[in-house]
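Below: the structure, in structure tokens.
Note on naming: letters A, B, ... go to the chains in the order of the sequence lines (proteins, then strands), and numbering restarts at 1 for each one. It should be emphasised that the depicted structure is a prediction, and the values quoted were computed from it without experimental measurement.
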2 protein chains.
Amino acid sequence: MIEEKKISMAVIRRLPRYFRYLSDLIKLDIKRISSKELSERMQITASQIRQDLNCFGGFGQQGYGYNVEYLYEEISKILGTDKRFSCIILGAGNMGNALANYENFKKRGYDILAIFDVSEDKIGKKINGIEVYSTDKLAEFVANNKVDIAILTVPNKKIIEAATEVTSLGIKGIWNFTPSDLSLGEGIVVENVHLSDSLMVLGYRLREKGE
Amino acid sequence: MIEEKKISMAVIRRLPRYFRYLSDLIKLDIKRISSKELSERMQITASQIRQDLNCFGGFGQQGYGYNVEYLYEEISKILGTDKRFSCIILGAGNMGNALANYENFKKRGYDILAIFDVSEDKIGKKINGIEVYSTDKLAEFVANNKVDIAILTVPNKKIIEAATEVTSLGIKGIWNFTPSDLSLGEGIVVENVHLSDSLMVLGYRLREKGE
DNA sequence: TAGATTGTTAATCGATTAACAATC
DNA sequence: TAGATTGTTAATCGATTAACAATC
């Protein structure tokens with residue numbers, strides 16, 4: 001068994017940022033970049049960039065820097081942009097609707113297969129070509145389709161119910177737009193969005209600055 | 001001049017979480033709680049809770065713990081939930097629409113005054129009772145209304161333009177839903193949401209777990 | 001080769017956790 | 001008072017930054 005150093009969440013959360021900046025560099029037709037140049041663009045230290053990248057491999061070349069295209073490809077691989085994930089949305093409210101209409105996710109490998117809701121006037125309709133099913137059909141749907149990720153956009157009173165069902169159906173990933181923290185145990189990966197938290201932090205920082 | 005210890009972003013980002021948990025405790029009619037009990041609920045250490053709270057003041061009582069109602073009020077004050085912020089939304093697309101329809105923000109003190117878009121068939125319409133104006137009217141609107149926060153949900157090609165205008169109009173807070181990082185300098189507070197980043201991190205963690 | 005820049009080790013910094021005296 | 005639990009200082013841990021030998 002190979003001894004692998006655990007990669008910290010701090011590093012992982014920076015990966016999509018590297019991915020974006022490299023993608024921009026490609027658009028700008030920049031072929032090579034040093035950690036120093038990249039550090040100026042990204043407003044982080046060159047040291048941190050080199051440390052981060054070396055968690056995954058030596059992608060650069062001494063005296064030269066990094067080949068932008070190559071580094072982009074490597075980070076793409078790390079982030080798994082070649083892989084596809086099947087998603088379902090629980091809750092066809094405002095946020096569920098907005099997410100169903102986001103074309104970017106499909107481009108990144110995340111396909112939305114179906115939407116589930118309890119409201120009679122939504123069931124049977126389509127949102128951006130994706131059918132809205134009754135929540136009653138969720139178990140059946142998951143039994144017949146491989147579902148990797150449940151996107152939770154249900155209202156507050158339905159959160160626990162929805163999270164419990166999703167877990168019991170064996171779905172391993174939850175993209176959580178509800179205000180709850182959903183500690184669902186080991187096997188489940190939860191990525192929280194917590195919009196209200198973000199807004200409150202903005203408010204705090206604004207007032208702090210103003211003082 | 002009073003020497004104030006700088007409060008770290010790590011602590012600040014936990015504040016809304018304390019706020020939520022305390023709000024839940026009130027709903028459960030729990031009157032007092034020790035850092036130990038709260039730590040079990042929140043899955044963080046009691047030490048961290050006491051350290052965090054003591055950045056702002058001694059809200060507890062030795063031998064007793066914390067009075068839930070009182071602590072909730074104090075954290076509310078720190079987060080400024082009594083204050084009101086005036087917001088505008090730039091971009092009446094899917095996300096702009098969803099945010100305009102979120103009733104929660106108003107409840108937390110964030111009022112959405114207006115929405116701006118370039119598309120002729122949206123201008124003049126209302127979303128959740130909030131008028132959609134032409135982007136041409138933005139400067140005029142900001143001159144006549146105190147605007148604290150601009151919520152950026154514009155498409156990629158409009159990001160720099162929108163951010164530049166918002167900054168030049170003197171708006172001090174940006175809630176950024178675009179994929180860009182917007183380094184706009186000192187005076188501006190930017191809070192990023194970066195949904196795609198979040199989704200990619202979820203994908204990474206899922207694949208990592210699966211291996 | 002000389003210059004540049006990485007990969008990597010060591011030093012520093014900051015955040016988390018532990019410990020315990022203060023005190024309700 | 002005795003027990004409990006805070007507020008706070010000290011210890012630890014992890015993440016960031018600096019330094020530099022390796023090497024292109």
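Atom-to-atom, CZ of Arg14(B) to P of dA15(C) comes out at 9 Å; the value is rounded to the nearest Å. Taking atom NZ of Lys36(B) as the reference point, atom P of dT5(D) lies 8 Å away to the nearest angstrom. As a whole-Å value, the separation of Phe59(A) CZ from dT8(C) P is 12 Å. Atom CD of Gln61(A) and atom C1' of dA22(D) are 13 Å apart (whole Å). The nearest whole Å value for the distance from the CD1 atom in Ile7(A) to the C1' atom in dA15(D) is 14 Å. Spacing between atom CD1 of Ile12(B) and atom P of dG14(C) amounts to 15 Å, rounded to whole angstrom units. In this structure, Leu53(B) atom CG and dT5(D) atom C1' are separated by 13 Å, rounded to whole Å. In this structure, the CZ atom of Phe56(B) is 18 Å from the C1' atom of dT6(D), given to the nearest Å.
Checking Asn128(B) against Glu103(B) by side-chain atom types alone, a donor-acceptor pair falls below 3.5 Å. Glu37(A) and Ser34(A) are linked by a side-chain donor-acceptor pair at a separation below 3.5 angstrom, with hydrogens and angles left out of the test.
Applying the side chain to side chain donor-acceptor pair (under 3.5 Å) test between Asp197(B) and each of Arg13(A), Arg20(A), Arg17(A) identifies Arg20(A) as the sole match.
Annotation: cation-pi geometry not satisfied between Arg84(A) and Tyr110(A) (NZ/CZ under 6.0 angstrom from ring centroid, within 45° of ring axis). Judged by the 6.0 Å distance and 45° axis criteria, Arg41(B) is not positioned over the aromatic ring of Tyr21(B).
Between Ser39(A) and Thr45(A), the closest heavy-atom pair is CB-C, 3.7 Å.
Summarising the base pairing, dT6(C) is matched to dA21(D) through a Watson-Crick or G-U wobble pair whose two defining distances lie under 3.5 Å. Figure legend. dA15(C) is base-paired to dT12(D); pairs are counted as Watson-Crick or G-U wobble with both atom distances under 3.5 Å.
Dashed line: the shortest gap from a side-chain N or O of Tyr66(B) to OP1 or OP2 of dG7(D) is under 4.0 Å.
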Inset, instruction - For salt bridge (Lys or Arg N to Asp or Glu O under 4.0 Å), just list the numbers for Lys146(B) and Asp148(B), CA-CA rounded to whole Å, side-chain angles, deciding distance to a tenth of an Å, and then say yes or no. - result: CA-CA 7 Å; Lys146(B) 185 181 85 71; Asp148(B) 303 302; 2.8 Å; yes
Check: protein-nucleotides 17-20 of chain C nitrogen or oxygen pairs below 3.5 Å:
from: dT17(C); atom 1: OP2; to: Thr45(B); atom 2: OG1; distance (Å): 3.0
from: dT17(C); atom 1: O4; to: Gln51(B); atom 2: NE2; distance (Å): 2.5
from: dA18(C); atom 1: N7; to: Ser47(B); atom 2: OG; distance (Å): 2.5
from: dA19(C); atom 1: N6; to: Arg50(B); atom 2: NH2; distance (Å): 3.1

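Distances from the side chain of Gln62(B) to the nucleotides dT16(C), dC24(C), dG7(C) place dC24(C) closest. In this structure, of dA15(C), dT5(C), dT6(D), it is dA15(C) that holds the atom nearest to the side chain of Ser8(B).
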